Amino acid sequence: MLKPGATIGILGGGQLARMLALAAAPLGLRCHVYSPEKNSCAFDVVHTGTCASYEDESALAHFAGAVDVITYEFENVPAKTAAFLARRKPVLPDPKVLETTQDRLIEKNFISGLKIATAPYASVHSATQLTEAVKAVGLPAVLKTRQLGYDGKGQAKIVKGGDAIAAWRSVKNAPAILEGFIDFEREVSVVAARAHDGTVECFEVTENEHRDHILKLSRVPAKVTPTLAREARQVATRISKAFDYVGVLAVEMFVVRKGRQRTVLVNEIAPRVHNSGHWTIDGASVSQFEQHVRAIAHWPLAKPVRLGRRVEMVNLIGNEVDDAARWLTVTGASVHIYGKGDARPGRKMGHVTRVWPE
Ligand code: AMP
């Protein structure tokens, strides 16, 4: 159990690390951010920062020596880096989780192994195999690279009568999976925290809208029945138990019709705090960031309570951050600007949370 004054090491220096550090401070915990990019926005808010590559063993050893526990804000932490650090200090969530979540095929097999539904999928590592996969999965479908894909990168849709080989070329012949294209009713996610003693606290089911594959809007309550909400939370809970997880994870799901009922299919697991949980900073009694800090510090989790009748989070993407001044005057709105500098198209520059009172 960490004592106030202890230091959390965070791998990665983006907005998630920044918000983790901002949540640790009121609990009396310090953060040390490790990032290869000197302009990392998390450096602005922490006690100590190390700017070095993830392969720099002397910098990593120094970092491990300076912190009490290590966590990460992104799932693509190189396996070697995680193993090197884990020999020196506790790394939470356990890096073995990364082996599953860094590879879409291993992740899908893991989820299916738990008897949790996903879109139909098949492994693809050659053009010939893609033809087989199309037969097995059907069209329309999405070809996704197994590794390093996010926000729609490394993905190609194949429509009925479409050119599968062009899709294969567009993912640059990288090992991939073909997923059936789901005609979902809505997209939801569950952000869950799991403590070292196995206690799980889920935030309520969040409804998400994407634009150009990037999350644009999250809202609670989601338009789902209590039964479906229970099912979604159970899915996230079962996944966190299967990993023996410590920290916060997010499970993204599609809501689909199944006869007269509705059910969920898991799309993706994020072994970290997640954009769809940002509403909890201003819209809940405890944020996803504080829950993560509590979990990795081996402190008790809070029981989250939503503040307000409804809460909505809007991402400020690219130059939408220029609207921040307008948002500052909106009743019930809280503005978060990440301090990232260049507002490139598609870059998450900030977000706004709106809380509608009871
Ligand atoms: P991903 O990179 O897998 O998180 O996908 C990003 C977004 O693309 C999802 O949130 C969905 O909106 C859409 N998408 C991904 N996979 C599928 C699928 N199999 N069927 C329909 N839409 C999908």
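We use all heavy atoms of the structure for the numbers below, so side chains are in, but hydrogens, waters and symmetry mates are not. If you're wondering where the values come from, they're calculated on a predicted model, not measured in any experiment.
- Put simply, the side chain of V266 does not reach to within 4.5 Å of the side chain of V264, judged on heavy atoms.
- Between F63 and H32, the ring planes are perpendicular. Angles over 60° get that label, and only those under 30° would be called parallel.
- Panel note: side chain S126, backbone Q129; a donor-acceptor pair is recorded below 3.5 Å.
- Ionic pairing of R309 and E358 is not present here: no N-O contact between side-chain nitrogen and carboxylate oxygen is shorter than 4.0 angstrom.
- For R211 and E320, the salt-bridge test passes: some basic side-chain N is under 4.0 Å from an acidic carboxylate O.
- Salt-bridge check for R194 with D244: passed, with a basic side-chain N closer than 4.0 Å to an acidic carboxylate O.
- A donor-acceptor pair is defined here as one N or O able to donate and one able to accept, closer than 3.5 Å; such a pair exists between the side chain of Q102 and the backbone of E75.
- In summary, E55 and K80 do not engage in a salt bridge, as defined by a charged side-chain N under 4.0 Å from a carboxylate O.
- Environment of NE2 in H210: crowded, with over 12 heavy atoms of neighbouring residues, nucleotides or ligands closer than 6.0 Å.
- Here the closest heavy-atom approach between residue G341 and residue R347 is recorded as C-NH1, 4.4 Å.
- The number of heavy-atom neighbours closer than 6.0 Å to NE2 of H125, taken from other residues, nucleotides and ligands shown, is 12 or below.
- Both tests do not hold together for R294 against W299: distance to the six-membered ring centre under 6.0 Å, angle to the ring axis within 45°.
- Among residues two or more places apart in sequence or in another chain, the side-chain hydrogen bond (donor to acceptor under 3.5 Å, both in side chains) test is passed with E107 by none.
- The two atoms that bring L307 and S285 nearest to each other are CG-N, 4.0 Å, heavy atoms only.
- Annotation: side chain of V67 is in contact with side chain of I70 (closest heavy-atom distance under 4.5 Å).
- Under the 4.5 Å side-chain heavy-atom criterion for grouping Ile, Leu, Val, Met, Phe, Trp and Tyr, I337 is not connected to F43 through any hydrophobic cluster.
- A donor-acceptor contact shorter than 3.5 Å links the side chain of T237 to the backbone of R233.
- The minimum heavy-atom distance linking C31 with I10 is given by the pair SG-CD1, 3.9 Å.
- R146 places no side-chain N or O within 3.5 Å of a backbone atom of A176 that could act as its donor or acceptor partner.
- Side-chain contact between L215 and S276 is present, with heavy atoms from C-beta onward closer than 4.5 Å.
- Salt bridge absent: R186 and E209 never bring a charged side-chain N and a carboxylate O closer than 4.0 Å.
- Looking at R262 and E231, no side-chain N of the basic residue comes within less than 4.0 Å of a carboxylate O on the acidic one, giving no salt bridge.
- More than 12 heavy atoms of other residues, nucleotides or ligands shown are found within 6.0 angstrom of CG on D342.
- Side chain of T101 to backbone of V97: a donor-acceptor contact under 3.5 angstrom is found.
- Clustering ILVMFWY residues whenever any of their side-chain heavy atoms sit less than 4.5 angstrom apart, transitively, puts V286 in the very cluster that holds V273.
- I111 places a side-chain heavy atom less than 4.5 Å from the side chain of I269.
- Linking Ile, Leu, Val, Met, Phe, Trp and Tyr whenever their side-chain heavy atoms come within less than 4.5 Å leaves F74 and V45 in two separate clusters.
- Scanning all heavy atoms of the two residues, the minimum distance from P36 to S53 falls at CB-CA, 4.2 Å.
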Exercise. Would you check, one step at a time, whether the test salt bridge (Lys or Arg N to Asp or Glu O under 4.0 Å) holds for K223 with E207?
Key: CA-CA 7 Å; K223 259 198 187 158; E207 185 163 342; over 6 Å; no
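- Between E132 and K135, at least one side-chain nitrogen of the basic residue sits less than 4.0 Å from a carboxylate oxygen of the acidic one, meeting the salt-bridge criterion.
- Summarising the geometry of V91 relative to A82, their closest heavy-atom pair is CG2-O, 4.3 Å, with the distance given to 0.1 Å.
- Geometric assessment of K157 against the ring of F181 yields a positive cation-pi assignment under the 6.0 Å and 45° thresholds.
- Side chain of Q288 to backbone of T280: no donor-acceptor contact under 3.5 angstrom is found.
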Quiz prompt | side-chain contact (heavy atoms from CB on, under 4.5 Å) between Y72 and L98, intermediate numbers included | solution = CA-CA 11 Å; Y72 40 88; L98 298 174; 3.6 Å; yes
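- Using a 4.0 Å cut-off between a side-chain N of Lys or Arg and a carboxylate O of Asp or Glu, R18 and D44 qualify as a salt bridge.
- Side-chain N or O atoms of D56 include one that pairs as donor or acceptor with a backbone N or O of A59 at under 3.5 Å.
- Under 3.5 Å, the side chains of D197 and H298 contain no donor-acceptor pair of N or O atoms.
- None of V255, V256, V235 except one satisfies the side-chain contact (heavy atoms from CB on, under 4.5 Å) rule with T263; the exception is V256.
- Side-chain contact between L11 and T71 is absent, with no heavy atoms from C-beta onward closer than 4.5 Å.
- The cationic group of R88 lies under 6.0 Å from the six-membered ring centre of F84 and within 45° of the ring axis, placing it in a cation-pi geometry.
- Proximity of a side-chain donor or acceptor of R306 to a complementary backbone N or O of G283 within less than 3.5 Å is not detected.
- The closest side-chain heavy-atom distance from Y121 to K144 is not below 4.5 Å.
- In this pair, Y338 and H351 present their aromatic rings tilted. The plane angle is within the 30 to 60° band.
- Shown here is K241, whose NZ atom has no more than 12 heavy atoms of other residues, nucleotides or ligands within 6.0 Å.
- Side-chain contact between F289 and I281 is present, with at least one heavy-atom pair separated by less than 4.5 Å.
- The closest side-chain heavy-atom distance from T206 to V191 is not below 4.5 Å.
- The main-chain N or O of K348 is found under 3.5 Å from a side-chain atom of K340 such that the two form a donor-acceptor pair.
- Among all heavy-atom pairs drawn from P140 and V159, the shortest one is CB-CA, 4.3 Å.
- When atom types are taken as modelled, the side chain of E73 and the backbone of L20 share no donor-acceptor pair closer than 3.5 angstrom.
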